[in-house]
Every structure is written in C-alpha cells, then in structure tokens.
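We count residues from 1, following the sequence as given. Owing to the predicted nature of the structure, the values given are computational and were not obtained by experimental measurement. Both ligands and their constituent atoms are indexed starting at 1 by order of listing.
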Amino acid sequence: MNSRRDFLQKITGGLVLLNIPPTSSAHPEQIIETPYEGPILRVAIMGLGSYGTRVAEAMQKCKMAKLTGIISGSPSKIKDWQSKYKVAEGNCYNYENFDRIKDNPEIDAVYVITPNALHHDQVIRVAKAGKHVICEKPMAINSQQAKEMIDACNQANVKLLVGYRMHFEAKTLEIVRMRREGEMGKVMFFQGLCGFKIGDPKQWRLNKALAGGGSMMDIGIYAINGARYMVGEEPVWVTAQETKTNFEIFKEGVDETIQFQMGFPSGAVASCLSSYNIDNLDRFFITAEKGFGELQPAAGYGPMEGRTNKGKLNNPHQTHQTTQMNEMAGIIFNGNQPVIPVDGYEALKDLKIIEAIYLAVKTGKKVNL
Ligand code: NAD
C-alpha cells in the first residue's frame, strides 16, 4: 500500500477552495473557503457505462478526488475516455488484466460501476490488488457475497465504500439532523416510494443473472436504505406483496413491483413501494410526534425538493457524485465518519432486508430479521 505521504499530491497553482468542512462530513452544503492542499484520491473507474460517465463528469469538479484510471472491455471507449479525461496510457486496463493495478502508484482506489452480479468478483480482485474500493449499489446480489467482499477488503486492509450518494445530500441530512436531535420527537411512520418505467427489455437490469433480481435490487433499495437512515433504526420484521402484470419483460426472479412494510424496535412502521413499471415514484415522508419531513424527489439526481414542519428546505444543491467523491476521499485519507455510514456493513444490512422481502413475497408471511 502507498503511504499517506505517497498519496500527497499538491495541487499546482496554490489556492484551491474546498467545498466541505475539513473536520466533519456532517454538513456538506456549507461552503468553507479553505485552501486545500491535502491528498487527492486518485480513482480508476471500472465500467464506462451510463453511471460511470456521470461519475466521471462529476469528478471533474472534485477538489479531493481525481479520475486517473479506467477499466473497460471496450477499446473504443478506452480511447474516447483517454482523450476526454486525459487518462495516461499506463492507467488503462481491461477486465482480464486489471489485477496489474497492484503495481500502479497513480491509482489509490477503484470505483466499480458494472452490472450488480459482477461486483463481488471485481471488488475482491481490486482488494487483492491492494487498492481501496468504491462499489455501486447494490453492493452484491446477496448477503453471502457481501460478507465475502467485506472480509476480502478487511484482509487486504483496504477501505470498502458503497456509492450511497444520498448519504451526503444536504436536504436529506437536514431531516436526519432534525430527527437525531429530537426536534421531531418520536418517529411514527416512514413512507418510501421508488420507481420508474424500465425501458429496453433486453437490458441487463432485466436479466436475473446480471441484476440479481428486479426493481428491488435497483431502485427499491433506496426506500429500504432511506427508511433506515430516516427512522434511525434497523427493521425487525418485513412483510411484502408482489404485483406482476408483464410476465414477458419481468421473468422469473425479476420483480416488477413490490409493496413492502417494515417494523422497527420503537414501534415505528414503514410502508414502501418499489417498481419498474410506475413513473414519478420518488418520494420519502417521515412523520413523528412533533414534526415531519418530506422529500420529492428523494433519491433522484436532484435538485431535491423538500419541506419539514418548519418550512421549505433551502439547502443548496450540489452535484451528488461530486460531494460523494470529496467526502469519500476524506473517509479514506482522514478516517472521517460520515453521518450515515457508506461502508460494506451498511450495504450488507440492505441486502439482508432485500432477501427478507423476497422471502416474504414467496411465503406470504411476515419475516423476522
Ligand atoms: P450501464 O449498463 O449503463 O453500464 C454498465 C457498464 O458495465 C457498461 O459500460 C458495460 O459495458 C459494462 N459491463 C461490463 N461487463 C458487462 C457485462 N457482462 N454485461 C453488461 N455490461 C457489462 O449500467 P449503469 O446504469 O451504469 O449501472 C452500473 C452500476 O451502477 C449498477 O450496479 C447500478 O445499480 C449502479 N447505478 C447506481 C446509480 C446511483 O445513483 N448510485 C445510478 C445508476 C446506476
């Protein structure tokens, strides 16, 4: 592993403005004009698809993270990205040879942005190459895989972070702050609605072998994760019901729409919807004895809109992936603790709940966690 000194790359030109407080990741919306001369997280993106492109674009504005490498199976994409993002020839890999990244001192971390079922093997290979890993959600397609990924990263002494960009989003964090500081009182209910109409029936998201499931793996996970960080507890039971209207597109093991309910130790309950067949579903609502919070959109790319019992939320919008990558650099280099965790254990919790939801659908019974 590189030492921290090796990571230290001074930005040329002197003064750089850092958009987040150096000592805390609690309020990424604050603009603190502090000269930033600290280490830059040098990231290789694996999977140059639509989300990989979005992350690469967002990283152009990062102060603490920089795109320095790419991993792709497509030589033409490598060529395009090389010229667009000035990626050095020696920092380009394919899926066969990327283990060689081990010997590359210009890459600190690999961001895995490939279809869900590939994450497990790819993350483990990156960990074995001694690089930190950022992996997209869902981190894996089941909890067993997630445990193996966590173990591999622990053994290699590298960080494993998951692309939970909403965990750094300012309006989301304001509602979480109100709940945590007791301004809302006892939480009673959460509603999470997450869905969109899926397009191309041939895409990997509708292939169980690559996606690990259907809407729940892809978009429903936001409602699960949102319920956990909004309520601030872990669910102890789930119930769930599936609706399938199109058996051609949504084959066996690929869920179209699932409604699910979760119960929390305090007695709070959540009612959620995950769908690949309903548009305009992107809403969180939390209500408590002394207040409420709502976000709509709640998990899209924003700008988010929201209000609480105190009025409209006015926290400024920042590109989620830019904030996320700056914050993740702080976690990797400085051991910063995010307000809402983004590590492998956080992802494992979501996957265990997804498994319980699928079991509840199959059995028609309440499943205890
Ligand atoms: P995509 O299809 O646009 O891109 C996937 C990339 O993986 C492509 O470049 C493709 O060539 C490559 N790939 C490598 N091996 C492949 C294989 N065997 N089959 C198919 N493609 C293969 O998908 P995407 O939307 O970029 O999603 C990638 C990951 O990012 C998924 O895990 C998804 O859940 C996640 N994602 C996260 C967010 C977010 O907001 N956090 C948003 C979108 C996607």
Atom 20 (C) of ligand 1 [closest protein heavy-atom partner, distance rounded to 0.1 Å]: Pro115 CG, 3.5 Å
At less than 4.0 angstrom from any non-hydrogen atom of His119, what atoms of ligand 1 do you find? 32 (O)
Please tell me whether Glu57 and Tyr85 have a donor and an acceptor in their side chains that are separated by less than 3.5 angstrom. yes
Closest non-hydrogen protein atom to atom 3 (O) of ligand 1, residue and atom name please, with distance? Ser50 N, 2.8 Å
Value for CE (Met64) from CE (Met328), rounded to nearest 0.5 Å, stands at 12.5 Å
Answer yes or no on whether Arg205 is positioned over the face of Tyr276, meaning its NZ or CZ is under 6.0 Å from the six-membered ring centre and within 45° of the axis. no
Atoms of ligand 1, numbered as shown, that sit under 4.0 Å from any heavy atom of Gly163: 41 (N)
Whether Tyr229 and His167 hold their rings parallel, tilted or perpendicular, with breakpoints at 30° and 60°: perpendicular
Would you kindly specify which portion of His320 sits under 4.0 Å from ligand 1, judged on non-hydrogen atoms: side chain, backbone, both or neither? neither
Candidate with minimal heavy-atom separation from atom 28 (C) of ligand 1, of Asn116, Ile113, Asn207: Ile113
Closest to atom 41 (N) of ligand 1 among protein heavy atoms sits Glu136 OE1, 2.9 Å
Side chain, backbone, both or neither: which applies to Tyr222 and ligand 1 if a contact is any heavy-atom pair less than 4.0 Å apart? side chain
Please determine whether the number of non-hydrogen atoms from other residues, nucleotides or ligands lying under 6.0 Å from atom NZ of Lys102 exceeds 12. no
Among protein heavy atoms, which sits nearest to atom 4 (O) of ligand 1, and what does the distance come to when rounded to 0.1 Å? Gly49 CA, 3.3 Å
For Tyr301, the ligand 1 atoms whose distance to one of its heavy atoms is below 4.0 Å: 40 (O), 42 (C), 43 (C)
Atoms in ligand 1 with a heavy atom of Arg165 nearer than 4.0 Å: 39 (C), 40 (O), 41 (N)
Is it the case that Asp282 and Tyr222 place a side-chain donor and acceptor less than 3.5 Å from each other? no
Is it the case that atom NZ in Lys352 sees more than 12 heavy atoms from other parts of the structure closer than 6.0 Å? no
N-O pairing of Glu234 and Arg228 below 4.0 Å: yes
Around atom 14 (C) of ligand 1, find the nearest protein heavy atom and jot down its residue, atom name and distance. Tyr95 OH, 3.4 Å
Which bit of Arg205 is near ligand 1, meaning a heavy atom under 4.0 Å away: side chain, backbone, both or neither? side chain
Distance-only check: which donor-acceptor pairs under 3.5 Å involve side-chain atoms of residues 147-155, not counting sequence neighbours?
unit_1	atom_1	unit_2	atom_2	d
Glu148	OE1	His120	NE2	2.7
Glu148	OE2	Gln144	NE2	3.0
Asn154	ND2	Tyr345	OH	3.0

Quick one: look up the protein heavy atom nearest atom 26 (O) of ligand 1 and list residue, atom name and how far away it is. Tyr51 N, 2.9 Å
Checking heavy atoms under 4.0 Å, the part of Lys77 that sits near ligand 1 is side chain
Tell me the protein heavy atom at minimum distance from atom 29 (C) of ligand 1, and give that distance in Å. Thr114 O, 3.3 Å
Taking CD in Glu181 as the centre, count heavy atoms belonging to other residues, nucleotides or ligands within less than 6.0 Å. Is the count above 12? yes
Under a 4.0 angstrom heavy-atom cut-off, which atoms of ligand 1 come close to Asp218? 34 (O)
cation_pi(Arg125, Phe98) dist<6.0 Å, angle<=45: yes
So for Gln203 against ligand 1, with non-hydrogen atoms under 4.0 Å, the contacting part is neither
Which residue supplies the protein heavy atom nearest to atom 16 (C) of ligand 1, what is that atom called, and how far is it? Leu118 CD1, 3.6 Å
Answer with yes or no whether the side chains of Ser274 and Ser215 bring together a donor and an acceptor at under 3.5 Å. yes
Just let me know how Trp204 lines up against ligand 1, side chain, backbone, both or neither, with a heavy-atom cut-off below 4.0 Å. side chain
